[in-house]
Structure formats: C-alpha cells, structure tokens
Amino acid sequence: MRLRNKPWAEDRLNDFPQYVIQQPVSHKGKWHEVFGNDNPLYIEVGTGKGRFITEMAKAHPDVNFIGIEVYRSVIVAALDLLIEAEVPNLKLLNVDAANLEEYFAKGDVDRVYLNFSDPWPKSRHAKRRLTYKTFLEVYEGILPDQGEIHFKTDNQGLFESSLMSISEYGMLLKYVSLDLHNSSFEGNIMTEYEEKFSSKGNRIYRLEAKFQ
C-alpha cells in the first residue's frame, strides 16, 4: 500500500491530546482512568480512516474503544471523524500493533477487532499478517482469559490462512461466515473498504475466535 506523505500529520495528532493518546505506556494497567469508567475496552488494530471504530463507539456508548493505526498519514483521517463525532468513549493510538504489550497489561483489553488487514499474499511475508501466530501471542497477552478476536476481510486467501493460524494456535472458533452480507448476522458496521469491496460484488468473510 503506497501512502501519500502528510508532513503535517504529526503536528495535527499532537494538537489533539484529548483524542490521540500521547504517552500510552503511562496508562498500562489503568486505561479505565483515561475514560473515567470501568466499561469494557475494545480495540481495533489497523483502524484506517476510522469509520468502523467511530460508528461502533456511537452504537455502544457503554463500551470504551481505541482505534490503533501505525500510519500517521492515515490516522489523521480517523482523528477528523472523531472530532466531528465528539464521542467520549473513543480514543486513538498511533503505534505499531507488534508492540501492544508495551501499552496494555493482561486483561486491559476485552476484545480485538481486525478489519480488512493487509493480506500480505506472498508466503515470505506471512509473518506480517495480523493473524499470524506472533500477533496472536500479542493479543493473548493483553486480553483476559477467553478474550475474543473478531476478524473481517474480503480476501479469501487471507481468511483461509487466518482460519488455519487461529486453529493451530488452539483458539476456539465461535462464528464463521463465508458471505457475511448474505448471512443472518445482525449489527454489522461496515468499514470504508468493506463498502467499497462489497459494492463490487466481493464476498465478505468474518470470524469470531476466543482464546482457551
């Protein structure tokens, strides 16, 4: 994915500390203090332009959300959405998902969402997939026992490799859909990519899995 450089993005993120967490390490083990309540905390890894996480925060005011995106030039779009939406239960974090255990303690996060992650189709790049075993280890390190991962993609190859990776890791598959938009699943909130791909007739795949 080639991103357009936005040299002003860092300054913009720093200008809104009420929305973009500046020193996440200092909140490890006490994220409830950031939100001022003890509600569950759900995170989206690879939040992109923020549509999914913003709409989720609107729909579930009794849940706290954090959108995590490594690219500054992308997360600034999510910041714009958040500023407009003014939802108090959503924050943003501009960090690498591989380092989440530096910012969250075991049980800090109650659910992880992975939506339309980069498929990294070449075998030599498998370790970069957000459902690869090393990333599953990271999620397990911040979720409670039996914590859940919810994953969506339009990429069949990525979905198949994710099913294998998750199963081999020993997780329990709670829900699998090979055609989400033609299923009985209720309450689906679409991402920007999901709307784009589904409008072209692409099938959307979804799974829910929990650690054991």
Side-chain angles (χ1 to χ4, degrees), residues 1 3 13 19-21 24-25 27-28 31 34-35 40-57 60 63-79 81-82 89-120 125-144 146-155 158-159 161-163 165-166 169 171 173-175 188-194 204-211:
M1 178 174 60
L3 298 175
L13 296 178
Y19 299 129
V20 184
I21 304 300
V25 173
H27 303 299
K28 185 174 181 178
W31 281 95
V34 173
F35 292 94
L41 175 59
Y42 297 171
I43 67 172
E44 182 187 20
V45 178
T47 205
K49 296 180 179 179
R51 174 176 170 179
F52 173 83
I53 200 75
T54 301
E55 293 302 318
M56 285 291 286
H60 303 281
V63 176
N64 298 324
F65 293 89
I66 296 179
I68 297 170
E69 175 60 52
V70 68
Y71 297 110
R72 290 191 188 112
S73 295
V74 176
I75 200 172
V76 288
L79 173 59
L81 273 184
L82 177 50
N89 57 326
L90 172 59
K91 307 292 182 184
L92 300 174
L93 200 50
N94 179 216
V95 299
D96 190 328
N99 303 321
L100 289 180
E101 288 180 287
E102 295 181 15
Y103 316 116
F104 298 100
K106 177 71 174 177
D108 271 354
V109 176
D110 294 278
R111 182 179 296 169
V112 173
Y113 288 99
L114 305 171
N115 293 315
F116 297 85
S117 312
D118 193 323
W120 295 106
H125 293 152
K127 293 182 179 180
R128 300 183 184 183
R129 298 170 191 159
L130 292 182
T131 50
Y132 189 72
K133 61 182 179 181
T134 51
F135 281 103
L136 296 179
E137 289 174 359
V138 171
Y139 310 144
E140 187 176 24
I142 65 175
L143 286 166
Q146 300 190 338
E148 296 185 0
I149 294 173
H150 292 195
F151 172 67
K152 284 195 293 187
T153 183
D154 73 312
N155 188 290
L158 176 61
F159 194 71
S161 72
S162 298
L163 284 172
S165 177
I166 286 168
Y169 196 84
M171 297 182 70
L173 287 163
K174 292 181 56 186
Y175 175 90
N188 181 55
I189 290 179
M190 289 199 289
T191 74
E192 295 91 348
Y193 280 119
E194 183 173 356
I204 305 300
Y205 304 88
R206 188 179 187 276
L207 67 80
E208 298 177 7
K210 72 175 182 178
F211 292 97

**Q** Using 0.5 Å steps for rounding, measure from the CG atom of L158 to the OG1 atom of T153.
**A**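 Going from CG on L158 over to OG1 on T153, the span is 4.5 Å.
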**Q** Would you indicate whether the side-chain heavy atoms of I21 and H27 approach each other to under 4.5 Å?
**A**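 With C-beta onward as the side chain, the pair touches.
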**Q** Can you give me the closest heavy-atom contact between D108 and K28, atom names plus distance?
**A**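 Scanning both residues, the minimum pair turns out to be OD2-C, 3.9 Å.
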**Q** Is the backbone N or O of G48 less than 3.5 Å from a side-chain atom of E69, with the two atoms forming a donor-acceptor pair by type?
**A** yes
**Q** Mind checking whether S117 and T131 have side chains closer than 4.5 Å, heavy atoms only?
**A**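 S117 does not reach T131 side chain to side chain.
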**Q** Report yes if the side chains of L207 and L163 come closer than 4.5 Å at any heavy-atom pair, otherwise no.
**A**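 Yes. Closest side-chain heavy atoms under 4.5 Å.
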**Q** Any sub-3.5 Å donor-acceptor pair from N155's side-chain atoms to P119's backbone N or O?
**A** no
**Q** Ignoring hydrogens and angles, tell me if any N or O in the side chain of N94 forms a donor-acceptor pair with the backbone of V70 under 3.5 Å.
**A** yes
**Q** How long is the span from the CD1 atom in I166 to the OH atom in Y139, to the nearest 0.5 Å?
**A**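 The distance works out to 9.5 Å.
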**Q** Under 3.5 Å, side chain of W31 to main-chain N/O of Y103, donor-acceptor pair present?
**A** yes
**Q** Could you give me the CA-CA distance, side-chain angles and deciding distance for L114 and H150, then say whether side-chain contact (heavy atoms from CB on, under 4.5 Å) is met?
**A** CA-CA 6 Å; L114 305 171; H150 292 195; over 6 Å; no
**Q** Calculate, to the nearest 0.5 Å, the distance between atoms CG and NZ belonging to L173 and K210 respectively.
**A**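 Answer for the CG-NZ pair, L173 versus K210, is 11.5 Å.
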**Q** Using a cut-off of 6.0 Å, state whether more than 12 heavy atoms not belonging to K106 lie near its atom NZ.
**A**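 Counting other residues, nucleotides and ligands, NZ of K106 exceeds 12 neighbours.
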**Q** Looking at N89 and A57, would you say the former's side chain and the latter's main chain have a donor-acceptor pair under 3.5 Å?
**A**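 Indeed, once roles are kept as given, a pair shorter than 3.5 Å links the two residues.
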**Q** Which pair of non-hydrogen atoms, one from H60 and one from F65, has the smallest distance, and what is that distance?
**A**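 In this case the closest contact between H60 and F65 is O-CE1, 3.7 Å.
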**Q** Which pair of heavy atoms, one from F135 and one from K127, lies closest together, and at what distance?
**A** CE1-O, 3.5 Å
**Q** Hey, could you give me the CG/CG distance between L82 and L79, rounded to the nearest 0.5 Å?
**A** 6.5 Å
**Q** Identify, with sequence neighbours excluded, every residue that meets side chain to side chain contact (heavy atoms under 4.5 Å, CB included) alongside N115.
**A** E44, F52, Y113, K152, T191
**Q** To the nearest 0.5 Å, tell me how far E148 CD sits from R111 CZ.
**A**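 Between atom CD of E148 and atom CZ of R111 there are 5.0 Å.
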**Q** To the nearest 0.5 Å, tell me how far N64 CG sits from L41 CG.
**A**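 Interatomic distance, N64 CG to L41 CG, rounded to 0.5 Å: 6.0 Å.
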**Q** Using atom types as modelled and distance alone, determine if a side-chain donor or acceptor of E192 lies under 3.5 Å from a backbone N or O of R51.
**A**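 It does hold such a pair.
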**Q** With the side chain counted from C-beta on, respond yes when L93 and I75 share a heavy-atom pair under 4.5 Å apart, and no when they do not.
**A**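 The answer is no, as the side chains (C-beta and beyond) never meet within the 4.5 Å cut-off.
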**Q** Does the structure place the NZ or CZ of R129 under 6.0 Å from the centre of the six-membered ring of W120, at an angle of no more than 45° from the ring's axis?
**A**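 No - R129 does not lie over the ring of W120 by the 6.0 Å and 45° rule.
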**Q** Heavy atoms only: give me the nearest L130-A97 pair and the separation to one decimal.
**A** CD2-CB, 4.4 Å
**Q** With side chains defined as the heavy atoms from C-beta onward, is the minimum distance between I204 and E194 less than 4.5 Å?
**A** yes
**Q** For S165 and L136, work out which heavy atoms get closest and say how close.
**A**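 Closest heavy-atom pair between S165 and L136: OG-CD1, 3.7 Å.
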**Q** For residues D154 and Y205, report the shortest heavy-atom separation together with the two atoms involved.
**A** O-CE1, 3.8 Å
**Q** Within a strict 4.5 Å, meaning less than it, do heavy atoms of the L100 and I68 side chains meet?
**A**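 Side chain of L100 against side chain of I68, heavy atoms only: contact under 4.5 Å found.
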**Q** As a quick check of understanding, evaluate side-chain hydrogen bond (donor to acceptor under 3.5 Å, both in side chains) for E140 and Y169, giving each step before the final call.
**A** CA-CA 11 Å; E140 187 176 24; Y169 196 84; 2.6 Å; yes
**Q** If you define the side chain from C-beta out and look only at heavy atoms, does anything of Q146 sit under 4.5 Å from F211?
**A**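 Not in contact.
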**Q** Kindly indicate whether the side chain of V112, heavy atoms from C-beta on, has any atom under 4.5 Å from the side chain of L143.
**A**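 Contact flag for V112/L143 side chains = yes.
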